[in-house]
2 protein chains.
Amino acid sequence: MKIDKFSKEILQELKIDGRISNIDLADKVGLSPSACLRRVQELERQGIIKGYRAILDNRKLGIGFSAFVTVGLSVHTKDSQQAFEQAIEKSDEVLECHNVTGPYEYLLRVETADLVAYKTFHTDVLGDLPQVATISTHVIMESTKDERK
Amino acid sequence: MKIDKFSKEILQELKIDGRISNIDLADKVGLSPSACLRRVQELERQGIIKGYRAILDNRKLGIGFSAFVTVGLSVHTKDSQQAFEQAIEKSDEVLECHNVTGPYEYLLRVETADLVAYKTFHTDVLGDLPQVATISTHVIMESTKDERK
DNA sequence: CAATAAAGGCAATTTAATTTCGTGGGAAGT
DNA sequence: ACTTCCCACGAAATTAAATTGCCTTTATTG
């Protein structure tokens with residue numbers, strides 16, 4: 001099955017409300033509940049829908065500090081990269097880790113309770129990795145748009 | 001109601017699978033379905049759960065190009081910032097827009113079908129905004145970690 | 001220690017998800 | 001152009017889940 005108009009609409013709605021009932025979804029896209037459900041299940045089976053996530057309010061949960069952190073490595077071997085990635089994988093503070101082109105190798109998204117907690121992360125996690133050469137922090141003051149939240 | 005052990009577990013599970021059935025969720029956290037449901041609804045009412053989203057596989061949907069883009073403004077007035085933010089708001093290619101500290105003002109996350117489409121965005125959207133002074137693109141080669149996807 | 005409030009569990013009810021089955025419309029082949 | 005076949009549809013029945021009402025338990029406080 002290819003992604004036609006109906007499936008596009010289904011994905012669009014599920015991106016907005018991943019917990020919409022199948023009946024309401026069917027109604028919105030103009031299909032019967034059974035046809036709609038079959039499409040959703042097929043999209044899941046194909047891996048086009050990878051999953052569903054609840055979106056939490058970090059502020060209300062005590063997360064008061066978010067930043068992007070760029071990291072440059074001193075060595076660029078495969079081993080060195082893997083070691084870094086493994087260390088990052090373990091760290092709860094790091095929500096995202098992207099390997100990017102440009103003057104530094106990695107762009108991280110980090111979230112902590114406050115600046116003090118960030119400093120700890122900065123020193124104990126990043127500062128402790130031998131392959132890390134440069135660290136630059138860009139504190140998020142405001143997120144004007146965040147469609148993935 | 002404060003966030004006790006049960007609610008923490010509920011949030012944890014919903015972050016992983018936002019569409020888990022209430023019965024399964026109740027079972028996982030060790031509550032009865034009714035008690036569990038009341039907690040979830042309370043968390044939603046308090047805005048701690050902001051919503052639910054389906055997570056899609058962009059690659060399978062024809063998104064082959066993702067990048068972080070830093071933007072510096074030539075003017076730093078409130079008006080200028082608002083004009084920029086409004087333009088960004090309208091752009092489908094921009095998934096995130098963060099106002100950050102550092103040598104540039106904004107960090108964007110942009111996704112397009114391919115490099116050609118990105119060039120169009122770069123020229124027609126960013127290049128067309130009078131307040132934009134500097135643009136720097138950091139292509140994502142790989143995302144080692146992305147807990148928000 | 002009793003009163004009261006807050007949260008829990010059970011069971012009944014409402015609502016939704018899922019399955020089954022028959023039908024129609026379009027594609028492929030003759 | 002006709003026939004066959006297949007795919008996806010919708011309707012209805014069935015199964016399962018969400019939700020509600022009510023009573024019980026637990027925890028708090030005067």
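Protein chains get the first letters and strands the later ones, always in sequence-line order, with residue 1 at the start of each. Just so we're clear, the structure is a prediction, and the values are computed from it rather than from any experiment.
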Next item on the list: List the steps, then state whether side chain to side chain contact (heavy atoms under 4.5 Å, CB included) holds for B:Phe121 with B:Leu126.
Entry: CA-CA 7 Å; B:Phe121 165 77; B:Leu126 292 182; 3.8 Å; yes
Note to self: Applying salt bridge (Lys or Arg N to Asp or Glu O under 4.0 Å), can you list everything that pairs with B:Glu93, at least two apart in sequence or on another chain?
What the structure shows: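 Listed in chain order: nothing, the list is empty.
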Next item on the list: Classify the side chain of A:Ser34 and the base of D:dC9 as holding, or not holding, a donor-acceptor pair under 3.5 Å.
Entry: no
In whole angstrom, give the distance that lies between atom [atom1] of [X] and atom [atom2] of [N].
| X | N | atom1 | atom2 | result |
| --- | --- | --- | --- | --- |
| B:Arg39 | C:dG8 | CZ | P | 4 Å |
| B:Asp27 | C:dG9 | CG | P | 12 Å |
| A:Ile20 | D:dA18 | CD1 | C1' | 16 Å |
| A:Leu25 | C:dT15 | CG | P | 20 Å |
| B:Glu42 | C:dG8 | CD | C1' | 15 Å |
| B:Asn22 | C:dG9 | CG | P | 12 Å |
| B:Leu31 | D:dT25 | CG | C1' | 14 Å |
| A:Tyr52 | C:dA17 | OH | P | 11 Å |

Notebook entry, point to check: Does some side-chain heavy atom of A:Lys28 sit less than 4.5 Å from a side-chain heavy atom of A:Glu13?
Noted result: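 Contact flag for A:Glu13/A:Lys28 side chains = yes.
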Notebook entry, point to check: Where the side chain of B:Ile23 is defined as all heavy atoms beyond and including C-beta, which of C:dG9, C:dA17, D:dA17 is the nearest nucleotide?
Noted result: D:dA17
Next item on the list: Can you figure out which of C:dG8, C:dA17, D:dA17 approaches the side chain of A:Leu37 most closely?
Entry: C:dA17
Notebook entry, point to check: Are the ring centres of A:His98 and A:Tyr106 closer than 6.0 Å?
Noted result: no
Notebook entry, point to check: Under 4.0 angstrom, heavy atoms only, what part of the nucleic acid is A:Ser21 near: base, sugar-phosphate, or nothing?
Noted result: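 Sugar-phosphate contact only - A:Ser21 comes under 4.0 Å of backbone atoms but never of a base.
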Margin query: Could you check whether B:Glu42 pairs with B:Arg45 (Lys NZ or Arg NE/NH1/NH2 to Asp/Glu carboxylate O, under 4.0 Å)?
Written below: yes
Notebook entry, point to check: Is B:Arg39 salt-bridged to B:Glu44, cutoff N-O under 4.0 Å?
Noted result: no
Check: Does the side chain of B:Gln41 get closer than 4.0 angstrom to OP1 or OP2 of D:dT19 through an N or O atom?
Finding: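 Yes, because at least one side-chain N or O of B:Gln41 sits under 4.0 Å from OP1 or OP2 of D:dT19.
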Notebook entry, point to check: In degrees rounded to 10°, what angle is found between the helical axes fit to the five outermost pairs at each end of the helix from C:dC1-D:dG30 to C:dT30-D:dA1?
Noted result: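 Here the local axes at opposite ends form an angle of 40°.
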Checklist line | DNA chain D: 5'-proximal contact among A:Arg19 and A:Cys36 (nearest heavy atom) | finding: A:Cys36
Next item on the list: Taking atom types as modelled, find out whether A:Asn99 and A:Glu105 have a side-chain donor-acceptor pair closer than 3.5 angstrom.
Entry: no
